[in-house]
Amino acid sequence: MIHTREKIGLRPYNTMRLNSRCANWVEFDAPEDAPAASALAESISGENGIAIIGGGSNIIFGEAYPGVLIHPAIMGWDAVALGGGEMEVVVGAGVVLDDLVANICAAGLWGLENLSGIPGTVGGAAVQCAGAYGVEFGECVKYVKVWDRVENKFLTLSHDELDYGYRYSVFKHPENSGRYIVLQVAITVSKNSEPKLEYGPLKKLAGKSGLTPVDVRNEVLEIRDSKLPRTDETGSAGSYFKNPVVSSTEWDAFCERVKGMGIDIESVPHFILNGGSVKIPAAWLIDKCGWKGRTLGNAGVWHKQPLILINATGNATSDDILALEKAIVADVQQRFGIGLKPEVVRL
Ligand code: EPU
């Protein structure tokens, strides 16, 4: 079934709770409706553009989107046992990610528990390669079924074709912008106990006998609660910036600069990646610039985790958020010589 709407307010459809608007909305709830929904969106949009949105948890809308938003609302999932305790679950793109995670954990299956509490849909997580506490969604994805709007055909993209990386996938390749509508996502989960407990606060669970996916989920939910705003109380889009990765030469220059600022380099959190490049937490950089808990206009920086920009008054516009983004980027660039890049998608 396909539903269309005109001139709608987008506040319910973005977790930053911006009062943006869009000219047209096309929603469909079955994979086989994708060709007709896509053709309809094309006929309505003219030159005004088409974008695909899931749960709106990682998106910053402008004031008014003149084109058509396509929303795949495909629900439900089917599980097939693969043998050896492995299970393949084919999930509709419109399923709320945390509903899936809660059910998979409750069934005693491992693989998704560290992703507990991430807002958004399964389709969005497959595009964005959502991740938390040492696990990235892409690791569990076996294949994704899409409608290809360029070739006008259904495609199944295998794990290798999905090109997953840190908050990255084939859907992020610039030439693929708006090309694929994610319909269903196949994930693999396992009955065999495989907890991933390397992230600091999760380490305390290591070695606990009888540990279940629900135990890990509960711990993750507690950690999230202590750091991140609840999206039903405070508008946010999760981490606003990516954690920057610098080359070893850039890292050396950064160390010199940091020493010059009187900061002990040993105190700077960082992770050396394969190949020698270095990931520096954007939260640390923003914190050191003094932005934690500050506001600018109606936008603000979350007081417990400065990587999260918030709709501080509930009345922020996209301009408020953008002004805060620019101020933080300029500050971090000026003090540390590092250019932060947004993790959120702007429309
Ligand atoms: N830090 C500070 N000050 C703070 C908070 C953090 O200096 O107030 C430093 C600390 O050194 C800390 C480091 O920043 O060790 C990293 O912080 P945290 O562990 O909270 O994680 P993050 O790197 O800021 C990333 C993801 C989150 C994910 C967490 C946990 C990105 C862009 N963000 O944040 O994902 O939940 O790790 O795995 O990679 C999201 O993508 O929306 C998101 C919330």
Side-chain angles (χ1 to χ4, degrees), residues 14-16 54-60 97-98 101 112-121 124-139 164-169 172 196-203 216-217 219-231 234-246 254 258 261 263-273 278-294 300-310 321 325 328-329 331-332 335-336 338-345:
N14 74 105
T15 58
M16 189 59 101
S57 60
N58 204 54
I59 200 160
I60 304 296
L97 177 64
D98 198 47
V101 176
L112 299 184
E113 59 286 351
N114 293 37
L115 305 178
S116 294
I118 294 184
T121 58
V127 169
Q128 186 66 11
C129 193
Y133 311 117
V135 173
E136 290 188 348
F137 187 64
E139 294 166 32
Y164 279 125
Y166 170 57
R167 302 297 192 271
Y168 188 76
S169 71
K172 299 269 181 176
K196 300 213 175 65
L197 305 172
E198 292 79 31
Y199 183 84
L202 289 179
K203 282 187 185 146
V216 179
R217 171 176 170 79
E219 192 62 38
V220 166
L221 291 176
E222 233 173 78
I223 298 169
R224 290 188 75 91
D225 221 30
S226 69
K227 291 188 176 187
L228 309 175
R230 292 179 53 132
T231 45
T234 306
S236 93
S239 295
Y240 194 92
F241 299 101
K242 286 189 199 171
N243 284 325
V245 175
V246 299
F254 170 81
V258 163
M261 293 164 80
I263 299 171
D264 176 8
I265 197 68
E266 296 300 318
S267 72
V268 181
H270 63 281
F271 311 93
I272 297 167
L273 308 178
V278 184
K279 193 187 244 190
I280 308 168
W284 184 88
L285 298 166
I286 301 169
D287 198 355
K288 281 288 169 204
C289 291
W291 279 101
K292 198 167 169 174
R294 272 176 65 189
V301 179
W302 185 240
H303 62 289
K304 295 180 189 168
Q305 220 304 3
L307 195 51
I308 314 280
L309 303 197
I310 58 166
I321 305 289
E325 172 195 314
I328 292 172
V329 169
D331 213 357
V332 170
R335 286 181 206 228
F336 292 108
I338 289 186
L340 292 183
K341 296 273 178 291
E343 190 234 14
V344 295
V345 176

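Ligands are counted one by one from 1 in listed order, and the atoms in each one are counted from 1 as well. Here the structure is a predicted model, which is why all the values come from computation and not from measurement.
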task = State which residues pass salt bridge (Lys or Arg N to Asp or Glu O under 4.0 Å) with R167; sequence neighbours excluded, sorted by chain then number.
result =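 Per chain and number, R167 pairs via salt bridge (Lys or Arg N to Asp or Glu O under 4.0 Å) with E343.
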key: Y199 and Y133 aromatic ring geometry - parallel, tilted or perpendicular at 30°/60° bounds   =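 Ring orientation of Y133 relative to Y199: perpendicular.
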ask   = With a 3.5 Å cut-off and no angle check, do the side chains of Q128 and K172 form a donor-acceptor pair?
value =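 On atom types as modelled, these side chains qualify, holding a pair under 3.5 Å.
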Quiz: residues 235-243 side-chain donor-acceptor pairs under 3.5 angstrom, not counting sequence neighbours:
| residue | atom | partner | partner atom | Å |
| --- | --- | --- | --- | --- |
| S236 | OG | G238 | N | 3.3 |
| Y240 | OH | E325 | OE1 | 2.6 |
| N243 | OD1 | A282 | N | 2.9 |

Donor-acceptor contacts, no H, no angles, side chain residues 263-272, under 3.5 Å, sequence neighbours left out:
| residue | atom | partner | partner atom | Å |
| --- | --- | --- | --- | --- |
| D264 | OD1 | E266 | N | 3.1 |
| S267 | OG | D264 | O | 2.6 |
| H270 | ND1 | V268 | O | 2.8 |

query = Tell me, which residues have any heavy atom less than 4.0 Å from some atom of ligand 1?
reply =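 For ligand 1, the contacting residues are G131, A132, Y133, Y166, R167, Y199, K227, G238, S239, F241, N243, P269, P281, A283, W284, D287, K292, K304, Q305, P306, L307, E343.
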query = Got V344 and I59 here, is their nearest side-chain heavy-atom distance under 4.5 Å?
reply =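 Result no, sub-4.5 Å side-chain heavy-atom pair not found.
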